[in-house]
Amino acid sequence: MKRPLWLQKEYLRSVIFDDDTPAGRRFDIVLTIAIAVSLIILFVESIPVLPLWLKISLGALEALLTVVFTIEYLARLYCAESRRSYALSGWGIIDLLAVLPPYLTYFLPGARYMLILRSIRFIRIFRIFRLFSFLNEGEMLLKAISRSLHKIAVYFLFVLVLVICLGTLMFIIESGEPDSAFKDIGTSIYWAITTLSTVGYGDITPVTTVGRFLSSFIMLLGYTLIAVPGGIVTASFIDTTNEPVRNGRCPRCDAKVRKGDKFCSQCGEKL
């Protein structure tokens with residue numbers, strides 16, 4: 001007996017995973033609206049005082065959306081070309097995390113607020129409205145960041161050592177004062193982090209002249225250090241965008257290009 005159309009894997013795959021068909025496009029739009037409604041419910045439910053009827057209504061609507069998202073995830077597993085590949089892919093993990101929180105509340109009451117992870121699924125809006133150039137730019141940025149990770153890690157280690165030394169030095173300077181808030185090295189390191197990062201909560205302040213002078217120096221030093229990671233990533237991003245065409249593909253969107261082309265036919269990138 002032939003299965004109904006909505007149970008056939010090929011048809012479901014074209015609706016759920018493809019956006020080239022009218023049905024697939026409508027599915028993505030409805031899914032995006034459902035995600036937005038779910039997030040609005042989450043924000044409203046976090047308000048301490050709500051009428052009982054509104055709490056019950058929002059709870060019922062959220063339960064309905066949870067069922068919808070659960071069915072959607074199971075349908076994706078059912079019609080995926082490779083269930084294992086989809087389940088372990090980035091999108092598959094995000095889809096699973098968007099479904100799990102309501103079920104985890106039976107064990108961890110605060111887990112339902114992990115529903116905010118559903119907001120990540122809004123990235124699909126780029127596919128709905130054909131904003132692929134933005135995705136390509138984002139992919140290039142991620143590639144630049146991944147290439148800069150080693151340099152950023154070394155920089156982070158340097159900053160970590162620096163705040164430990166500065167915090168300890170401030171503890172030595174301030175700990176002997178009766179009105180000082182620098183009671184231990186851990187508190188002093190916390191102060192050094194907030195000062196070097198230019199956050200400056202103001203909950204801990206030096207009281208000695210030498211301590212204030214050191215504090216001023218750390219504040220000025222913080223402005224110079226903040227710019228370093230941005231410079232590292234920017235340099236790597238420039239190198240990524242200036243990569244020559246390799247293996248006959250565009251360095252931005254990875255589309256095939258012909259020999260002699262000056263611009264990519266897909267994204268318009270200069271080759």
Side-chain angles (χ1 to χ4, degrees), residues 15-17 19 23-78 86-131 134-135 137-139 141-142 145 156 163 181 186-187 189-205 222 226 229-230:
V15 172
I16 295 176
F17 288 100
D19 63 324
R25 189 176 178 84
R26 286 194 298 268
F27 176 82
D28 283 339
I29 292 175
V30 171
L31 181 62
T32 302
I33 294 173
I35 295 170
V37 172
S38 176
L39 293 177
I40 292 173
I41 293 174
L42 182 65
F43 296 154
V44 174
E45 284 186 336
S46 66
I47 299 174
V49 180
L50 285 177
L52 181 60
W53 66 268
L54 183 57
K55 286 184 178 180
I56 296 175
S57 300
L58 292 177
L61 184 56
E62 177 55 42
L64 176 62
L65 289 173
T66 297
V67 173
V68 170
F69 288 128
T70 302
I71 294 174
E72 181 236 347
Y73 178 74
L74 294 176
R76 288 180 182 275
L77 283 176
Y78 170 72
Y86 165 71
L88 297 179
S89 66
W91 279 119
I93 294 173
I94 291 173
D95 293 340
L96 178 61
L97 291 176
V99 173
L100 282 181
Y103 300 106
L104 292 178
T105 54
Y106 293 103
F107 309 98
L108 299 171
R112 71 178 315 276
Y113 291 105
M114 290 175 60
L115 285 173
I116 197 66
L117 293 172
R118 287 179 181 173
S119 60
I120 303 176
R121 304 187 74 189
F122 274 124
I123 298 177
R124 281 194 170 92
I125 199 171
F126 288 94
R127 188 181 73 174
I128 297 172
F129 295 104
R130 299 293 198 278
L131 303 177
F134 292 95
L135 290 178
E137 296 291 345
E139 184 179 354
L141 180 60
L142 289 176
I145 293 175
F156 177 77
V163 295
T187 302
I189 292 175
Y190 159 77
W191 168 86
I193 293 173
T194 58
T195 304
L196 191 66
S197 62
T198 70
V199 175
Y201 290 118
D203 53 341
I204 304 173
T205 56
I226 289 175

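For the atom pair CG (D95) and CG (L74), the distance works out to 11.5 Å, reported to the nearest 0.5 Å. In this structure, OG1 on T187 lies 5.5 Å from CD1 on I204, to the nearest 0.5 angstrom.
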Run the side-chain donor-acceptor check on residues 195-203: report pairs under 3.5 Å with partners two or more places apart or on a different chain.
{"from": "T195", "atom 1": "OG1", "to": "W191", "atom 2": "O", "distance (Å)": "2.8"}
{"from": "T195", "atom 1": "OG1", "to": "W191", "atom 2": "NE1", "distance (Å)": "3.3"}
{"from": "S197", "atom 1": "OG", "to": "I193", "atom 2": "O", "distance (Å)": "2.7"}
{"from": "S197", "atom 1": "OG", "to": "T194", "atom 2": "O", "distance (Å)": "3.3"}
{"from": "D203", "atom 1": "OD2", "to": "Y190", "atom 2": "OH", "distance (Å)": "3.0"}

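A pairwise comparison of heavy atoms in A87 and I93 identifies O-CG1, 3.7 Å as the closest pair. Here the closest non-hydrogen pair linking S38 and E62 is OG-OE1, 3.4 Å. Residue K55 comes nearest to P48 through the heavy atom pair NZ-O, 4.5 Å, listed as atom of the first residue, atom of the second, then distance.
Of the residues L31, I35, I29, V30, the one that meets the side chain to side chain contact (heavy atoms under 4.5 Å, CB included) test with I33 is I29. Of the listed residues (L42, V44, V37), just one forms a side chain to side chain contact (heavy atoms under 4.5 Å, CB included) with I40, and that residue is V44.
Looking at residues two or more places apart in sequence or on another chain, you find a side chain to side chain contact (heavy atoms under 4.5 Å, CB included) between Y103 and T66, T70, V99. When the side chain to side chain contact (heavy atoms under 4.5 Å, CB included) test is applied to S89, the partners found at least two apart in sequence or on another chain are Y86, W91. I71 pairs by the side chain to side chain contact (heavy atoms under 4.5 Å, CB included) definition with V67, not counting sequence neighbours. By the side chain to side chain contact (heavy atoms under 4.5 Å, CB included) test, A34 pairs with L65, F69, sequence neighbours left out.
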